2 protein chains.
Amino acid sequence: MVTIGDIARAAGVSRSTASYALSGKRSISAQVRQRVADAARELGYTPNAGARALATAETRVVGLLAQFHADEFAPAMLQYMLGVSDTARELGYDTLLVTEADGARALRRITDSRMVDGVVLLNVAQDDARLPLLRAAPQPGALVGLPGDPSGVDVFDLDFAAAGRAMVDHMHRLRHRELILVSQPEHVVERGGAYVWRLQDAVVQQAAARGIGLHAAFGPSRQPDVGRDLHALLDAHPAATGLLLNNEAAAAALPSVLHARGLRAPRDLSVIGRYSDEFARTFSLPFSSVESAPDLLGEMAVRHLVRRITDPLARDEPHVLRLVPPELVDRGSTGAPPTARTAGPGTPPDPHGQGGRP
Amino acid sequence: MVTIGDIARAAGVSRSTASYALSGKRSISAQVRQRVADAARELGYTPNAGARALATAETRVVGLLAQFHADEFAPAMLQYMLGVSDTARELGYDTLLVTEADGARALRRITDSRMVDGVVLLNVAQDDARLPLLRAAPQPGALVGLPGDPSGVDVFDLDFAAAGRAMVDHMHRLRHRELILVSQPEHVVERGGAYVWRLQDAVVQQAAARGIGLHAAFGPSRQPDVGRDLHALLDAHPAATGLLLNNEAAAAALPSVLHARGLRAPRDLSVIGRYSDEFARTFSLPFSSVESAPDLLGEMAVRHLVRRITDPLARDEPHVLRLVPPELVDRGSTGAPPTARTAGPGTPPDPHGQGGRP
DNA sequence: CTGAAAGCGCTTACAG
DNA sequence: CTGAAAGCGCTTACAG
């Protein structure tokens, strides 16, 4: 392989001069700089990453710890991963992907061995076993997902509580009086998937505050189970006029369920989901939704992480906890409930539509 | 950080002895070995990856180059990625994920800098710009996807031609006489997505050989476009009794389309797709399909890659080109065509069902 | 069975 | 503006 020694020899300078000429870290005569640059280009020189890491204690690699659980909807995870990976690259970092089941062990391995300059944790649980290790690690960490104890790391997540309130308020403004909420599977909650109950609790409280009847249920993450459950819920609560979905699989299953029942949204049922626009487009989901913003969250996490890595001042700044406010993307699946519409003939279908992306 | 010097000092031996004791690469007295092991454990020693890579010229990292195109169905990619990543870890390797749009540039970067010991390319095109670079790289490479020129690398892919023939033959045995094939978008073909026409050509030829009428079309990778196209195809070819799908988005859209038309598979239409079982379960697709085996292909690619990396003999073995034979997973969506069934009353619905996974 | 030393390819004070 | 040298933390011939 071609080393900096080869460049130095070809340019007729010392290795240190070659190094400085390439890095620009001290002033070099234009002549020499040109000779070094030419030599590097001609010989196709790329610094050896291991050697550079050893000398500088910087790898320019970030770790990305993803966790895949059998009872979660895997495709949603990909968008977070791409948000992280693409942003990292934009900032000059590569991404070490870790999908190992034992995330704590993996985290220790990549941090102890100094394979990475920082770590992004995905799918963070309430009491995440990886967190104590991350706090103890010399590298900074950023989370996508809000844990019980967010200290010592930068945390980014959708504001699920605000999302729940926004869903209820939107339905309330349209005069809905009875709603169904389908959350992720209960297993997710038991494993510490706090976002499930953060949204659910907010929905429950806001519904109570608004005098709205609410039926909250956990839904499976697989088809056809989730479709069957949706049917059962609609059977059980015929007076419900609005459906809130904090469950990607349920959203994907709903078109068939509605079709089978001869229902249309928003004519017969108003629907709001919680998923990404990319997800909606991929599966053609015609339902308004609170944008889960996976790419944005991944990007925010990496930007903050890299700032902490590179900026010596940022290193000791207080950690941030940023909850992205919910944005309701209007796809026209909400309107006045059937009864209200018959009762008040002049009522427009969505007088308070929040707009969102077109 | 704790280095091997710290271990050596704590154990009262030289650094080389500590290193040998840890690696077991030469015989060490039981006493010393124990003292070193204790010291390493107590101090929480993990070798510095950069230093080790510099000394051994091995990183124990494989590069994973994924490519995401706007007109392809992204969720399918995740399973290949997990197949690679999980297998790599099982073999003691970490995975550097590259999602950069300019795959060739990225490949050069990670190979030239010696960040990886080998590379897996996903989504390989007929005339893939990354291939010349990979052949010129000092590290071995493995592909998932068959390029026009497979020399210099190990290649793994589904046997799409055999898959096409199997689809047609299955329909032929059931006495279907007119079929529709929906492929991936034409853009994928233009970009060099050879698997599209490998399957399509085989279907066309086999249909001709069997005297079966065939209507081949490219389908969009997005909803609702693909659903609309499916409707148009079924409208245009009312006599077609079988539908072959080499397009994940089309498969995901089909249940709604069938429902909207009041059709049931296999009663009114026999259907065979080409996607993974994981995909089928996630979206509850009730259609028999040729398994695309993403996890298996990712695993095979990594196993061969690691063998070439670690086994000095394997290094110079001839490169392999392995096409995984298609396996038809029977989900009960094929049967005799409606006309044949009325014609021959005693005909069982699927006399030659290939079984496959239950 | 063990140790002193060289070397992997960089970067960066130190010295001029 | 430039060079000789030290050092990052490992591994591994070389020598005993």
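These numbers come from the heavy atoms of this one structure, side chains and all, not from hydrogens, waters or symmetry mates. Reminder, nothing fancy here: chain letters follow the sequence lines and each chain counts from 1. None of these values were measured; they are calculated from a predicted model.
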*Under 4.0 Å between a Lys/Arg side-chain N and an Asp/Glu carboxylate O for A/R135 and A/D149?*
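Salt bridge: yes.
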
*Any ion pair linking B/D6 and B/R9 (charged N to carboxylate O, less than 4.0 Å)?*
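Between B/D6 and B/R9 there is a salt bridge, with a charged N closer than 4.0 Å to a carboxylate O.
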
*d(CD1, A/I7; C1', C/dT11) in whole Å*: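 These atoms are roughly 16 Å apart.
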
*What is the distance, rounded to the nearest whole Å, between atom CD of B/Q31 and atom P of C/dC1?*
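Result: 12 Å.
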
Tell me if a side-chain donor or acceptor on [X] pairs with a main-chain N or O of [Y] at a distance below 3.5 Å.
{"X": "A/R33", "Y": "A/A21", "value": "no"}
{"X": "A/R15", "Y": "A/A8", "value": "no"}
{"X": "A/D154", "Y": "A/A142", "value": "no"}

*So what's the dot-bracket for DNA chain C: Watson-Crick or G-U pairs under 3.5 Å, [ ] if a pair crosses, | if it pairs off-strand?*
|||.||||||||.|||

*Do any side-chain nitrogens or oxygens of B/K25 fall under 4.0 Å of OP1 or OP2 in D/dT12?*
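Indeed, a polar side-chain atom of B/K25 lies that close.
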
*Determine the Euclidean distance between corresponding C1' atoms of D/dT12 and D/dG16; express it in Å to zero decimal places.*
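Roughly 16 Å separates the two C1' atoms.
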
*About how many Å separate CD1 of A/I309 and CZ of A/R315, when rounded to the nearest 0.5 Å?*
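That separation rounds to 7.5 Å.
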
_Please encode protein proximity along nucleotides 4-10 of chain D as a string of B, S and -, counting only heavy-atom distances under 4.0 Å._
BBBBBBB

_Restricting to ring pair (Phe, Tyr, Trp, His ring centres under 6.0 Å), what partner residues turn up for B/F156, sequence neighbours left out?_
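Scan of B/F156 (ring pair (Phe, Tyr, Trp, His ring centres under 6.0 Å), adjacent residues dropped) gives B/H304.
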
*Closest heavy-atom pair and its distance - B/R303, B/L91*: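 Closest heavy-atom pair between B/R303 and B/L91: NH1-CD2, 3.5 Å.
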
